[in-house]
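Heads up, the thing below is written out as structure tokens.
Numbering starts at 1 and runs along the sequence shown. Small disclaimer: the values here were computed from a predicted structure and weren't measured.
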Amino acid sequence: MRKVIVIGAGAAGMMAAAAAAQNGCRVVLVEKNEKPGRKLFITGKGRCNLTNACKMEELFENVVTNPKFLYSAFYGFDNRRTMEWFEAAGCPLKTERGERVFPVSDHSSDVTGALVRQLKKQKVELRLGTAVTELVMAKEEAGSAVTGVRMADGTEEKADAVIVATGGLSYPLTGSTGDGYRLAEQAGHTVKPTFPALVPLVLQETWCRELQGLALKNVAVSFVQDGKKAFYEGFGEMLFTHFGVSGPLILSASSYYAGRKKKGDVKLHLDLKPALTAEQLDKRLLRDFEENKNKQFKNSLGGLFPSKLIPVMVRLSGIDGDKKVHEITKAERQRFAGLIKDVEMTVAGTRDYAEAVITRGGVHIKEVNPSTMESKKAKGLYFAGEVLDVDALTGGFNLQIAWSTGYEAGISAAGTESPVKK
């Protein structure tokens with residue numbers, strides 16, 4: 001019987017272990033935490049958005065880094081199979097806005113529970129509180145091969161295959177401390193530079209702090225570097241914080257910002273009224289100004305903005321807040337309309353890994369077989385999940401990467417033919 005050791009009992013690792021065991025292997029799943037699925041537990045604010053029920057082409061469209069690498073994995077174990085797998089494992093699912101899939105209970109513990117039940121059913125040996133520090137390697141005619149692992153206590157355990165599914169660097173309190181990158185480098189792999197992704201952004205403007213806690217819905221943003229074409233455009237919800245901005249729209253944008261070779265001059269352009277053209281907005285202002293013509297400018301904007309935003313918009317407009325509305329010139333009004341359509345901010349950077357949903361970067365995908373997840377550098381070594389240089393937007397897509405690559409690595413380590421070849 002083939003023996004497979006899986007390092008890391010997160011989403012990808014538990015799926016890999018279950019798949020390998022189901023295909024006739026003796027599987028040992030090693031986890032340095034005292035509980036499996038630590039990061040899964042906090043995913044989706046504790047509700048666990050475990051996949052997305054969109055069409056296959058949309059799955060690929062929502063992958064930011066190296067989507068083509070995932071062709072075989074996604075087709076081998078797609079979102080439909082993922083949903084069927086969890087339902088069969090006793091975790092009923094529901095689909096919400098944006099095709100996001102959650103457990104019916106809204107408890108992430110039900111997702112982890114389904115995985116753990118499958119591990120027990122398939123007789124996977126789960127070793128908690130156990131850290132792997134090194135791969136045991138052997139030289140062969142065709143190159144090197146992995147023959148087992150060395151634990152933190154110095155003991156060695158032999159295996160026919162080893163799957164590294166240790167995650168990235170995001171949420172380090174859950175145990176994501178880059179262990180997999182070190183193991184990959186030990187086996188001769190290149191690790192692409194890592195960055196926090198799906199992470200809040202820090203802004204230079206101090207006035208943002210005055211808006212802390214303000215959530216804006218149905219706004220549009222674009223991110224521009226050095227005055228060139230926007231590298232990200234989006235519509236949705238965002239949130240001002242004490243350091244800058246966050247919220248779904250900003251987290252998605254951050255994945256395109258992370259890892260840019262030069263971050264010198266990145267501007268965030270915010271359109272507060274994307275549903276209105278410049279001409280329609282000017283007509284709206286004319287109407288509002290006519291209705292409030294005897295009021296002070298600062299007291300005439302309640303119909304346009306949340307109250308917290310008004311003082312900042314008045315200041316940015318350059319119009320005296322005490323000025324009577326009927327005294328505002330056409331040029332001032334049109335400049336104000338332009339400001340509403342384009343509030344410009346300067347991006348200073350991102351928050352760190354402690355606030356990042358995922359890690360961008362990781363094991364170089366050109367050194368991994370996309371049809372099997374096996375290393376091209378060392379026979380018997382496989383990778384799955386966030387440790388790889390693949391990442392996606394919010395909405396369940398990153399967990400789908402974990403399930404798909406985990407399943408592919410599991411069946412391949414078991415010596416089972418992948419159902420789809422690239």
Side-chain angles (χ1 to χ4, degrees), residues 97-98 200-201 203-253 256 265-348:
R97 182 171 57 92
L201 296 177
L203 300 179
Q204 284 184 11
E205 286 74 14
T206 55
W207 54 258
C208 294
R209 297 172 196 159
E210 299 172 43
L211 303 176
Q212 181 180 349
L214 175 64
L216 298 176
K217 294 184 177 181
N218 302 320
V219 294
V221 298
S222 62
F223 285 75
V224 176
Q225 185 170 14
D226 297 328
K228 296 174 184 173
K229 185 182 175 185
F231 63 81
Y232 178 81
E233 293 178 322
F235 174 87
E237 300 176 24
M238 63 177 282
L239 173 73
F240 282 96
T241 68
H242 66 283
F243 53 79
V245 283
S246 187
L249 194 52
I250 299 302
L251 295 185
S252 292
Y256 292 90
D265 186 27
V266 174
K267 300 291 186 184
L268 161 54
H269 297 270
L270 169 62
D271 184 348
L272 291 164
K273 300 292 178 184
L276 300 177
T277 65
E279 187 181 355
Q280 288 169 332
L281 179 57
D282 191 47
K283 286 179 180 176
R284 164 79 185 270
L285 286 179
L286 272 171
R287 189 171 68 248
D288 284 8
F289 282 8
E290 180 59 32
E291 290 173 2
N292 298 284
K293 60 185 176 184
N294 293 317
K295 286 186 178 179
Q296 292 175 309
F297 176 54
K298 65 185 180 185
N299 295 326
S300 69
L301 303 174
L304 275 173
F305 313 119
S307 57
K308 205 169 191 176
L309 185 57
I310 291 172
V312 171
M313 291 300 289
V314 169
R315 202 178 325 140
L316 294 177
S317 74
I319 301 171
D320 185 347
D322 294 327
K323 192 172 188 176
K324 295 287 187 183
V325 170
H326 67 262
E327 294 174 352
I328 293 174
T329 66
K330 179 181 179 182
E332 286 176 322
R333 187 189 75 240
Q334 289 178 335
R335 275 201 306 274
F336 186 53
L339 172 68
I340 295 169
K341 294 291 288 178
D342 185 11
V343 182
E344 186 180 278
M345 292 158 268
T346 305
V347 181

Could you tell me whether K293 and E290 make a salt bridge, using a distance below 4.0 angstrom between a side-chain N and a carboxylate O? yes
Which atoms form the tightest heavy-atom contact between C208 and L203, and what is the distance? SG-CD1, 3.4 Å
Strictly distance-based, threshold 3.5 Å: is any side-chain N or O of K341 a donor or acceptor partner for the main-chain N or O of L276? yes
Tell me, do F235 and V219 make a side-chain contact under 4.5 Å, heavy atoms counted? no
Rounding to 0.5 Å, atoms CD1 (I328) and CZ (F297) come to a distance of 5.0 Å
Answer whether the closest heavy-atom distance between the side chains of L309 and L301 falls below 4.5 Å. no
With distance as the sole test, does Q280 use its side chain to make a donor-acceptor pair with the main-chain N or O of T277 at under 3.5 Å? yes
Side-chain heavy atoms of V347 within contact of K267, under 4.5 Å: no
State whether K308 and E210 are salt-bridged, where the test is any N-O pair (Lys NZ or Arg NE/NH1/NH2 against Asp/Glu carboxylate O) under 4.0 Å. no
Side chain proximity check, F231 to S222, heavy atoms < 4.5 angstrom: no
Given side-chain contact (heavy atoms from CB on, under 4.5 Å), test D288 with S300 step by step and report yes or no. CA-CA 8 Å; D288 284 8; S300 69; over 6 Å; no
Return the CG to NE2 distance between L211 and H242, rounded to the nearest 0.5 Å. 14.0 Å
K283 NZ: over 12 foreign heavy atoms closer than 6.0 Å: no
L281 and I340, any side-chain heavy atoms less than 4.5 Å apart: yes
Taking the side chain as every heavy atom from C-beta outward, state whether R333 and L286 have any atom pair closer than 4.5 Å. yes
Heavy-atom closest pair (L251 atom, S246 atom, distance to 0.1 Å) is CD2-OG, 4.2 Å
In the structure I gave you, are the side-chain heavy atoms of R284 and L304 within less than 4.5 Å of one another anywhere? yes
Just verifying a value: how many Å separate F223 CZ and L270 CG, rounded to the nearest 0.5 Å? 9.5 Å
